[in-house]
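All remarks here apply to the structure that follows.
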Amino acid sequence: MNEALTLLSFGDQGWGDTIALGVLVTVSLSLATLPFGLVLGFVIALAKNSSEPSLKLAANIYTTIFRGLPELLTLFLVYFGVQIGLQQLVKLAGLEIYIEVNSFVAGMVALAFVFSSYASEAFLSAFKGIPQGQYEGGYALGLSRFQTMTLIILPQLIRLALPALGNLWLILLKDTALVSTIGLSDLLRETSIAARVTKEPFLFFGVACLIYLVLAMISSSAFTRIERWSKRGEVQR
Amino acid sequence: MIAPNPQTGMKPPPAPPRAWTNTRIAGNVLMALWAIAGISLAAYLLGNLEKPILQALMPLLSGDWATWAEQRLATHEFDSFLERYGAKYLQGFLVTLQIVGLSLLFGALLSVPIALARSSKWKIFSRPAYAYVYFFRGTPLLAQTFLIYYGFGSFRPELQSIGLWWFFRDAFYCVVFAFSLNTSAYQAEILRGAVQNITKGQWEGAAALGLSRPVTFFKVILPQALMVALRPYGNEIILMIKGSAIAAIITIYDVMGETRRAYSRTYDFQAYIWAAVIYLMIVETLRRVWDRIEARLTRHLKR
């Protein structure tokens with residue numbers, strides 16, 4: 001027991017600081033992905049909600065692809081695909097440079113693709129929950145289409161989509177573990193290294209799982225608060 | 001649409017042409033981009049067929065065309081990617097099916113006692129079941145797989161003494177074990193949610209008819225609950241198929257594993273594109289089949 005605590009302590013003897021850095025990378029990767037995923041997901045939901053069939057079809061192809069591919073494969077496709085694509089471009093330009101894609105950025109892009117395709121479904125079902133009269137009311141007040149969307153529809157939309165988005169955030173947090181396979185020093189990679197060096201895999205992977213659980217707990221309590229905040233205008237029952 | 005007037009036989013005027021609004025332009029541009037991407041991808045993948053096509057055409061060609069074809073064939077000193085790795089991908093596909101099938105089966109068996117414990121009135125049962133479900137739903141599948149495959153290696157002497165080492169030594173068994181535990185937590189929640197979704201009146205009605213509780217559960221509640229659970233079960237199967245790609249990381253040669261092996265040998269990006277095609281086909285087929293099954297089983301609920 002003492003041995004385990006020494007291994008997990010901060011400082012020279014333990015792996016505590018390395019693991020803490022890993023947690024920081026995991027959290028910052030998911031936080032960095034979130035805004036891109038949300039905006040992209042909202043735009044795709046708008047496209048799916050439009051009356052134009054070609055736009056709908058284009059958006060549906062996007063979600064079919066990124067919801068059907070394993071997250072790990074999406075990650076590899078982005079990581080190696082972008083690398084090869086850039087290399088070809090550089091070759092065309094006549095340069096001799098070796099390009100390596102940053103695994104943080106590749107992870108961000110791949111996770112944003114996956115997150116946005118699921119988020120678009122969440123937004124779309126929220127769109128269906130807003131009655132047509134809300135739009136008509138906005139136009140009747142002389143608001144432009146943009147103003148109606150941002151001032152009237154969006155606040156209600158966020159409230160309706162929040163529970164689903166909370167789940168998607170938890171999934172995103174878990175999916176960041178996959179980025180450890182392309183060499184990003186996140187929580188899982190740091191604990192794997194610690195496990196290999198110290199030959200205590202059960203301890204370190206157990207700790208990794210527990211840290212993920214703690215992150216999930218913090219997120220769900222944060223989401224409960226956000227949901228309560230978003231419902232502050234509703235009648236208390 | 002207005003029907004043609006039966007007396008005069010006159011048809012209504014044709015609908016006015018649709019205006020080229022900004023959304024319509026955007027939609028068409030995006031569809032054109034998808035079409036270009038799809039066609040170039042297909043052309044890229046069909047490059048595999050160049051050799052057999054040229055060989056088949058050889059006797060029909062003459063003059064300049066024949067020399068051109070010979071020159072092209074001379075550049076193909078080795079077989080195409082598909083010829084070399086096609087069979088490997090098929091093997092990988094079968095391994096993926098095995099992993100997913102076994103995990104779903106064991107997960108389904110395991111989920112029943114967990115769901116029962118989770119909805120039990122006694123806290124000694126419900127608390128541990130809640131913790132189990134929370135753990136497996138709150139941590140990444142990759143971390144769980146590592147915990148079982150590498151972590152249980154820490155207990156090698158103990159496992160050897162109780163004669164279970166052969167199980168935890170094998171990556172395949174470990175993956176199936178980890179995936180079964182994971183999916184059992186999800187399936188337990190699906191099952192519990194579906195059973196709780198059935199209104200109390202169904203229980204009371206069955207009780208009024210004098211049915212015993214087990215008979216009520218199996219003949220009245222469960223059929224309705226499974227109907228509700230059909231969609232989440234389908235989603236869970238798809239999640240499992242997608243999640244099974246993780247097995248490749250601990251040296252299982254499923255579709256993803258064969259892909260990684262082929263890529264590391266050839267550095268040909270095709271490897272990943274073929275994997276994407278395979279996974280998309282599996283998931284889309286399953287989704288469509290599942291929609292059919294659901295429509296068939298819930299046909300009495302349609303108005």
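Below, chain A is the first sequence line, B the second, and so on; all start at residue 1. Just so you know, these numbers use all the heavy atoms, side chains as well, and skip hydrogens, waters and symmetry mates.
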Task: Engaged part of A:Leu188 at the chain B interface, taking heavy atoms whose separation is under 4.5 Å - done: side chain
Task: Partners passing side-chain contact (heavy atoms from CB on, under 4.5 Å) against B:Ala35 (at least two apart in sequence or in another chain) - done: none
Open item on the list: Looking at chain B, which one of A:Gly81, A:Gly206, A:Ala47 has the largest number of heavy-atom pairs inside 4.5 Å, strictly under?
Closed with: A:Gly81
TODO: Please examine the side chains of A:Leu55 and B:Met31, heavy atoms only from C-beta on, and report whether any two atoms are closer than 4.5 Å.
DONE: no
Open item on the list: When you compare the side chain of B:Phe146 with that of A:Pro201, does any pair of heavy atoms fall below 4.5 Å?
Closed with: no
Would you enumerate the inter-chain donor-acceptor pairs between chain A and chain B whose distance is below 3.5 Å?
from	atom 1	to	atom 2	distance (Å)
A:Glu52	OE1	B:Arg18	NH1	3.1
A:Ala58	O	B:Trp34	NE1	3.0
A:Arg67	O	B:Lys242	NZ	2.9
A:Tyr118	OH	B:Lys242	NZ	2.6
A:Lys174	NZ	B:Arg137	O	2.7
A:Lys174	NZ	B:Tyr186	OH	2.8
A:Phe202	N	B:Ser154	OG	3.4

TODO: Just jot down the side-chain contact (heavy atoms from CB on, under 4.5 Å) partners of A:Ala216, sequence neighbours excluded, or say none.
DONE: A:Leu170
TODO: Against chain B, label A:Leu203 side chain, backbone, both or neither, depending on which of its atoms sit under 4.5 Å from a heavy atom there.
DONE: neither
Open item on the list: Report which part of B:Leu147 has an atom under 4.5 Å of a heavy atom belonging to chain A: side chain, backbone, both, or neither.
Closed with: both
Task: Residue selection (most heavy-atom pairs with chain A, distance under 4.5 Å) from B:Ile249, B:Ile278, B:Ile241 - done: B:Ile249
TODO: Look at A:Gly68, A:Ala195, A:Ala177 and state which one has the largest set of heavy-atom pairs under 4.5 Å with chain B.
DONE: A:Gly68
TODO: Taking the side chain as every heavy atom from C-beta outward, state whether B:Phe269 and A:Leu77 have any pair of such atoms under 4.5 Å apart.
DONE: yes
Task: Residue selection (most heavy-atom pairs with chain B, distance under 4.5 Å) from A:Leu178, A:Leu72, A:Leu210, A:Leu173 - done: A:Leu72
Open item on the list: Would you say that more than 12 heavy atoms from the other residues, nucleotides or ligands in this model lie under 6.0 Å from the CZ of A:Phe36, or not?
Closed with: no
Open item on the list: Is B:Ile246 close to chain A through its backbone or its side chain, or both, or neither, when contacts mean heavy atoms under 4.5 Å?
Closed with: both
- [ ] Not counting sequence neighbours, list each pair that qualifies as a ring-ring contact (aromatic ring centres under 6.0 Å, His included) and has a residue in residues 174-203 of chain A.
- [x] A:Phe202-B:Phe152, A:Phe202-B:Phe155
